[in-house]
Amino acid sequence: MDRLPGFRDFYPEPLPHKDVWSSEVRSYIFNTWRKISLRYGFREYDGPPLEPLELYTLKSGDEIVGQLYNFVDKGERQISLRPEMTPTLARMVAAHHGNYRKPIKWFSIPQLFRYERQQKGRLREHFQLNADIMGDDSSGADSEIIALAIDVLRAFGLTHEDFVIRLSSRSAWSDYFARRCSDQERAYEFYQIIDKLEREDPEVSRQKLSQLNLSYDEVTQFIASGEPTAELQAILDNLSARGLADFVKIDYGVIRGLAYYTGPVFEAFDRKGKFRAIAGGGRYDHLTQLISAGKVQIPSLGFGMGDVVLTELLKERGLLPEFSAPAEIYSLIEDESLRLQTLTAIQAFRDAGYSTDYALAPLKADRQFKRALELKARWTFRLEKRETPESVYLLKDLFTRKEERFGSLEQTLQFLQTQPH
Ligand code: HAM
């Protein structure tokens, strides 16, 4: 039976087929995401993968609502798999923000589900690092969140020659629209035209804009001007002081597809423009208010970084480490009458923190040794029977091929502890 289209199987390396994904690459990405988020003082949270449908129909926008994996459950509830994390976060923070000192700085690594047309960089399931700051309306917070996005990508070995943060402002676009169009109800319709501008046939965009009495040429001129607003300039100055200026450029071609953004917005792209967005985010100051029916309003901002495009990019740039799971010790059981005594030693090695492997069932000695080499073991361990009740404990360094002999398990462990782990 095949898996569903747009879903992935994650196998340990070496991968058996080009159509499957690496569980080890995935762990590497998650570990790096977590390490850098913690370094910036973010705390980890999580929420349910299923939510009430209404959480998304409120304010995520038509595009994502059209992609929902929604259904009616056995209790007649309208529910959906989460397509993004932000509404869940807003719901969680609105409910208990009083218990946390502001600004709240939280991250999460959820698996998200969108019923999209499957294409390069887009699947029906993906993982996303979400990092958000809640309860701070200063541009210092916008700069901090962008610096985190940059540093996460740098931690994978990517440089300013590999990627760029395209920084824009939803409020600049909202002012642009307000000055030219009196029908504010249609602002989101306008944002979606801008969001699709780069991918859409110019004639189609021109026509859509003219329906709003807007000029395509004027819009493209505004994008080309790239003049930072005072707010965006403050973010640029902040990032510049950190030595991160080379990673950012003002680009009003970005506006973000999701409906809830209110202020600075940004997307990370590879410099060659070969891949889809690696990450996207921005400020969304009204979402908690909307989700809590007006009870709380917490200025908020953050970003999501997906694992799919990131993996493709790291693979293309040759930046993925080689993965193997070497056993530190491989225990050889050449004489089956010593199996139980060997298991005692194996347990002691593992308790002491050494990854240890061995043949679960009787196996020829040469096959066991071959397995030790395959596993790139640092040591082989074996017991040798003696006439006396004590056995000899033998530890062989597979690099130097030198074998040490010990009279007891304690001595073997003591020796191991003097060796680099
Ligand atoms: P988003 O732009 O929809 O934002 O997604 C962020 C990133 O997730 C994208 O740049 C892309 O790398 C990845 N991604 C999205 N959809 C897919 C897909 N179908 N397949 C593979 N990767 C995908 C959000 O989701 C916002 N909630 C982010 C945010 C957090 N804004 C504020 N806080």
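When a ligand or atom number is given, it counts from 1 through the structure's own listing order. Worth saying up front: this structure is predicted, and the values here are computed from it rather than measured.
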(request) Using ring-ring contact (aromatic ring centres under 6.0 Å, His included) as the criterion, list what pairs up with Phe42, not counting sequence neighbours. (result)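 So Phe42 forms no ring-ring contact (aromatic ring centres under 6.0 Å, His included) with any residue.
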Whether the [X] and [Y] side chains hold a donor-acceptor pair (N or O, under 3.5 Å, no angle test) is what I'd like checked.
{"X": "Gln221", "Y": "Asp217", "result": "no"}
{"X": "Ser139", "Y": "Glu231", "result": "no"}
{"X": "Gln78", "Y": "Glu54", "result": "no"}

(request) Describe, in one word, how the ring planes of Phe113 and Tyr69 are oriented to each other, choosing from parallel (under 30°), tilted (30 to 60°) and perpendicular (over 60°). (result)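 Ring orientation of Phe113 relative to Tyr69: perpendicular.
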(message) At less than 4.0 angstrom from any atom of ligand 1, which residues have a non-hydrogen atom? List them by chain and residue number.
(response)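 Residue list for ligand 1: Glu84, Thr86, Arg114, Glu116, Gly121, Arg122, Leu123, His126, Gln128, Asn130, Asp132, Arg256, Leu258, Tyr260, Tyr261, Ala277, Ile278, Ala279, Gly280, Gly281, Tyr284, Gly302, Phe303, Gly304, Gly306, Val308.
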(request) Could you tell me whether a side-chain N or O of Asn238 sits under 3.5 Å from a main-chain N or O of Ala234, the two making a donor and an acceptor? (result)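 Side chain of Asn238 to backbone of Ala234: no pair is present.
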